[in-house]
Amino acid sequence: MTTRWSRRGFLAASSGTALALGVHTTADATPLTSTDITETSEAADEFATLRAKWRTLILGEGFSPTAEPFTSRLTELGTTADQLRSTMAPTSGSLWPDLVYADPEPDTDQESYGYSGNLNTSYTRLGTLAQAYSQQGTGLTGDTGLRDTILTGLDHLYSEVYNENLARYGNWYSWQIGAPQALLDVCVLMYDQLSAMQIADYLAAVDHFVPDSAVSSYSGTSTGANRVDLCRVLALRGAVGASAAKIVLARDALTPVFPYVSSGDGLYTDGSFIQHTTVPYTGSYGSVMLGGLGMLFALLAGSTWAVTDSNRQIVFDAVENAWAPFLYNGLVMDGVSGRAISRGLSASDAKQIQQDDHLRGHPILASIVLLGQGASSAENARWRGLVKGWMQRDYYSPPMSNPSLGLTSLARLKGVQDDTTASAIAEPTGHRLFTQMSRATHRRPGWAASISMSDRRITYYETGNGENLHGWHTGSGMLYWWGDTFCNGQYSDAFWPTVDPYRLPGITASRKVLADAAGGDWGASLPDVNWVGGATDGQRAAIGQYLKGLQSTLLAKKSWFCLDDSIVCLGAGITCTDGTTVESTVENRNLGPTGTTTFTVDGTAKPTTYPWSETLTGTEWAHIGGHGGYVFPGGATVTALRAARDGKWSDINKGGATTVLNRKYLTMYVDHGTDPTNATYAYLLMPGATVAQTQTRAAATSWLTILANTDSQQGVSVPSLGFTGVNFWFGGTVGDLTASSPCCVMITEKSDDTAVVCVSDPMRMQTSLTLTWNKAVSSVISKPSTVTSATTGSSLQLTFGNLSTTAGVTQKITVKLG
């Protein structure tokens with residue numbers, strides 16, 4: 001084996017002290033002085049401790065290699081590594097024949113992204129080899145031939161493409177995060193097998209592509225999860241190269257990640273998490289950030305460079321404020337996973353990177369366990385209870401059988417599973433409204449739901465890197481839901497490549513044909529609307545979305561009133577001049593490969609054959625066996641169909657597998673016709689309801705009163721719940737409520753003669769608002785400072801001051817009735 005001598009390698013090798021310590025450069029990659037050598041000599045043990053700790057963090061601990069699932073995983077790791085070793089063929093332009101990284105026309109187009117991605121994957125494969133070499137029980141543990149293969153691969157990539165003399169091309173991520181993270185992990189695992197010259201060369205490459213300036217400004221690609229990833233690179237570069245300055249830089253560069261933000265990337269006080277400026281990303285980039293922080297906190301804990309910033313408590317608080325609301329029975333909801341929803345099976349290495357909502361959720365559980373080690377004992381205990389509950393309830397995709405979950409994560413989850421002191425915590429009930437990212441979650445005993453919207457701050461959807469090519473309408477009011485012991489695989493079982501993307505459940509959309517990635521990459525397309533949001537008391541909610549179609553003339557007002565056993569869905573003002581049909585999709589259930597589920601409409605069972613369709617007129621209710629019920633107040637004309645749909649992951653992700661998949665769907669939609677004007681719809685969704693419960697609700701015509709369903713206002717009343725909810729798109733009067741300006745109002749009257757009045761300004765534009773409730777009120781028990789006056793008596797009149805700075809957050813007023 002030969003290694004190209006670089007200037008840095010020569011300088012490092014010419015210093016006997018540096019060679020002995022494995023210390024080669026200072027933080028700015030300049031030659032070491034005698035003072036640097038003395039200082040790092042004193043700290044050598046601490047750097048070795050960091051490397052040992054990182055080795056444990058990436059290899060795992062506390063598991064038996066002879067117990068399942070670890071035995072099988074270790075054997076599989078060895079088999080995979082053996083296959084990779086046998087196919088590795090270093091040549092000009094590639095390390096593996098199927099991963100050509102030499103770009104004939106280096107730039108930043110899609111083709112160059114592919115070449116840079118191959119560089120990234122080449123280092124990832126070397127990481128797999130290093131894992132097999134270092135892990136116990138792989139059959140290749142300590143194998144000298146495998147060691148030589150790894151070292152050859154490292155030297156080849158350094159000599160050919162990842163060195164201090166070359167410029168990057170394609171995707172910046174591959175050069176600044178993906179490749180250096182994998183490279184530094186290998187350097188830690190193979191540290192004792194590498195020469196000082198090799199380490200110096202590899203670190204010189206890292207310094208070149210990830211200079212200190214990469215974290216000098218909290219902006220661009222250096223925010224949120226990306227910033228945490230960059231800090232991981234810098235911290236590991238410091239540990240491998242014995243540079244205290246690099247570790248200090250990494251630790252201090254985390255500081256801007258912690259505080260709440262009011263715009264752009266990061267965590268918000270309402271629990272929202274944004275990445276790429278406009279994309280709700282709790283389940284993907286948020287997962288990366290959570291996991292990265294957990295790793296860095298653990299790495300630096302107890303060292304000279306421990307993370308002691310008091311704002312790190314914000315991250316701990318976010319476990320239940322930001323992540324837990326989107327975790328259900330082990331899955332993480334797709335509405336906050338951005339373009340990751342299009343990653344199912346890839347064209348290559350499919351088994352390693354298969355993804356779905358459950359497989360994405362499990363690493364978050366493991367990250368919460370790791371993060372708990374640095375939190376308070378009370379937080380740690382509670383989080384372990386939450387994780388245990390999610391694990392126990394994930395009947396669809398048990399975490400310990402997750403094929404893409406690493407050994408370290410499996411070990412952490414196994415520790416919780418076997419922890420007799422941890423009691424499983426049940427899923428909570430309640431409503432969470434995330435105004436900063438136009439998302440909502442509604443949890444009831446037996447089911448949970450999520451709503452995805454878009455506005456001038458939050459994109460319709462994100463595409464990029466050739467991913468999520470058909471996600472156009474996922475922000476058009478998509479309504480997801482899951483049952484406690486049923487329907488947990490609804491969006492997991494090849495849903496995204498096979499579903500009709502113009503008929504996503506809950507959306508209103510034009511059938512205008514859109515091009516792949518329509519609207520532009522990285523969440524570039526934003527609807528020019530302000531009124532998106534709602535009001536909640538923490539249990540129920542009134543939510544609204546002023547919808548403008550993507551590259552369409554479609555306009556619509558959509559409302560959801562989230563109640564105890566149902567969600568009331570209203571649509572009005574549906575207008576379009578695209579010259580195409582407009583539809584509001586009531587439901588589009590994925591019935592799996594067989595699709596024999598029953599479908600009953602007004603007591604009549606419909607055919608189970610495929611294909612089948614029927615226009616149902618005067619429909620009062622419908623029921624999908626094993627799923628739930630749907631009620632149409634006053635009757636409705638609904639089109640229902642059964643369809644067997646083919647699709648490929650490559651249809652929605654250029655890196656996806658080309659295997660044709662088939663799933664059966666049962667769809668209900670309201671056909672508004674071509675170029676509708678002021679069309680409407682109204683229905684109730686009742687997750688988990690039986691046929692009898694659905695029929696009973698439909699027969700109880702007085703249970704729900706639709707107070708308004710127009711382009712100006714939408715509102716409902718449910719007397720038995722003491723519930724009234726109104727979305728005032730414009731000021732006006734609806735039932736007993738009069739608003740001077742656009743706002744959202746939700747009222748709950750309680751049995752103790754009190755009522756909670758919830759008001760919000762979803763537009764974030766009202767500098768004053770007067771709300772009158774034509775109800776006898778004797779006194780105001782509590783009110784926020786935004787209420788400048790409150791008049792009681794035969795009616796309640798509330799005057800609000802400036803609401804434009806409240807970020808659409810609900811203002812709660814408690815009153816005494818009578």
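- There is no side-chain donor-acceptor pair under 3.5 Å between Q545 and W560.
- D493 has a carboxylate O that lies under 4.0 Å from a charged side-chain N of R663, or vice versa, which qualifies the two as a salt bridge.
- Heavy-atom minimum distance, G656 versus S650: O-CB, 3.4 Å.
- Each of T619, V601, L685 was checked for a side chain to side chain contact (heavy atoms under 4.5 Å, CB included) with Y630, and the lone residue meeting it is L685.
- Under the 3.5 Å distance criterion, with hydrogens and angles disregarded, no donor-acceptor pair is assigned to the side chains of H672 and E583.
- There is a side-chain donor-acceptor pair under 3.5 Å between S452 and R439.
- The closest side-chain donor-acceptor pair between W481 and E587 falls under 3.5 angstrom.
- If you check the side chains of T459 and T278, you find no donor sitting under 3.5 Å from an acceptor.
- The distance between the ring centers of Y113 and Y115 does not fall below 6.0 angstrom.
- Checking D671 against T639 by side-chain atom types alone, no donor-acceptor pair falls below 3.5 Å.
- Between R697 and D565, at least one side-chain N (NZ, or NE/NH1/NH2) sits under 4.0 Å from a carboxylate O, which counts as a salt bridge.
- Between the side chain of E68 and the backbone N or O of S72 there is at least one donor-acceptor pair closer than 3.5 Å.
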Inset, instruction - Could you give me the CA-CA distance, side-chain angles and deciding distance for R511 and D500, then say whether salt bridge (Lys or Arg N to Asp or Glu O under 4.0 Å) is met? - result: CA-CA 11 Å; R511 294 293 299 188; D500 183 342; 3.1 Å; yes
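- A donor-acceptor contact shorter than 3.5 Å links the side chain of S342 to the backbone of N468.
- At a cut-off of 3.5 Å, with distance as the only test, no side-chain donor of N588 or T585 sits close to an acceptor on the other residue.
- Nearest heavy atoms, H623 versus A689: NE2-O, 2.8 Å.
- Looking only at atom types and distance, the side chain of R645 has no donor-acceptor partner in the side chain of Y610 under 3.5 Å away.
- Between the side chains of N329 and D394, no donor-acceptor pair of N or O atoms lies under 3.5 Å.
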Legend entry - Candidate pair S438 and S454, rule side chain to side chain donor-acceptor pair (under 3.5 Å), full reasoning: CA-CA 6 Å; S438 300; S454 54; over 6 Å; no
Inset, instruction - Check the pair T674 / T580 against side-chain contact (heavy atoms from CB on, under 4.5 Å), numbers first and verdict last. - result: CA-CA 5 Å; T674 301; T580 58; 5.7 Å; no
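- Taking CG from D675 and OG1 from T553, the interatomic distance works out to 7.0 Å, rounded to the nearest 0.5 Å.
- T498 approaches L661 most closely through the heavy-atom pair CG2-O, 3.9 Å.
- The nearest pair of heavy atoms linking I458 to L526 is C-CD2, 3.5 Å.
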Inset, instruction - Evaluate side chain to side chain donor-acceptor pair (under 3.5 Å) for S492 paired with D356, printing each intermediate quantity in order. - result: CA-CA 5 Å; S492 319; D356 60 43; 4.6 Å; no
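- Between the side chain of H431 and the backbone N or O of A440 there is no donor-acceptor pair closer than 3.5 Å.
- Ring pair Y480/W482 is parallel by interplanar angle, where below 30° counts as parallel and above 60° as perpendicular.
- When only modelled atom types and interatomic distance are considered, W96 and T87 share a side-chain donor-acceptor pair under 3.5 Å.
- Between the side chains of K548 and Y460, not a single donor N or O lies within less than 3.5 Å of an accepting N or O.
- Looking at T617 and T637, their side chains never bring a donor and an acceptor atom within 3.5 Å of each other.
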Inset, instruction - Walk me through it: do F326 and F434 pass the test ring-ring contact (aromatic ring centres under 6.0 Å, His included)? - result: CA-CA 11 Å; F326 292 99; F434 301 86; 4.7 Å; yes
Legend entry - I368/L386 under side-chain contact (heavy atoms from CB on, under 4.5 Å): CA gap, chis, key distance, verdict: CA-CA 9 Å; I368 290 173; L386 287 170; over 6 Å; no
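- Ion pairing between E427 and R393 holds under the 4.0 Å rule for side-chain N and carboxylate O.
- Counting only distance, with no hydrogens or angles, the side chain of K558 and the backbone of G506 share a donor-acceptor pair below 3.5 Å.
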Inset, instruction - Give the intermediate values and the outcome of side-chain contact (heavy atoms from CB on, under 4.5 Å) for residues Y395 and N488. - result: CA-CA 8 Å; Y395 72 91; N488 277 200; 3.5 Å; yes
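- Under the 6.0 Å distance and 45° angle rule, R589 does not count as a cation-pi partner of Y665.
- Side-chain N or O atoms of K512 include one that pairs as donor or acceptor with a backbone N or O of Q551 at under 3.5 Å.
- Checked by atom type and distance alone, the side chain of T463 pairs as donor or acceptor with a backbone atom of E467 at under 3.5 Å.
- At a threshold of 4.0 Å, the pair R125-D98 counts as salt-bridged, since one of the basic side-chain nitrogens sits closer than that to a carboxylate oxygen.
- Using cut-offs of 30° and 60° for the angle between ring planes, the H473 and Y502 rings count as tilted.
- Between R360 and D357, none of the side-chain N atoms (NZ, or NE/NH1/NH2) sits under 4.0 Å from a carboxylate O, so this pair counts as no salt bridge.
- Although no hydrogens or angles enter the test, the distance criterion places no donor-acceptor pair under 3.5 Å between the side chain of R642 and the main chain of T596.
- Judged by distance alone, with hydrogens and angles left aside, the side-chain atoms of K664 form a donor-acceptor pair with the main-chain N or O of P593 at under 3.5 Å.
- Distance check: Q83 CD to T79 OG1 gives 6.5 Å after rounding to the nearest 0.5 Å.
- Between the side chains of H470 and D516, at least one donor-acceptor pair of N or O atoms lies under 3.5 Å.
- The minimum heavy-atom distance linking W323 with T282 is given by the pair NE1-O, 3.2 Å.
- Screening Q695, M686, E620, Q693 against V631 for a side chain to side chain contact (heavy atoms under 4.5 Å, CB included) leaves a single residue, M686.
- In terms of modelled atom types and a separation under 3.5 Å, the side chain of D578 and the main chain of S552 share no donor-acceptor contact.
- Side chains of T80 and E76: a donor-acceptor N/O pair is absent below 3.5 angstrom, by distance only.
- Contact record, G330 with H362: O-CD2, 3.4 Å, taken as the closest heavy-atom pair.
- A donor-acceptor pair is defined here as one N or O able to donate and one able to accept, closer than 3.5 Å; such a pair exists between the side chain of S116 and the backbone of N171.
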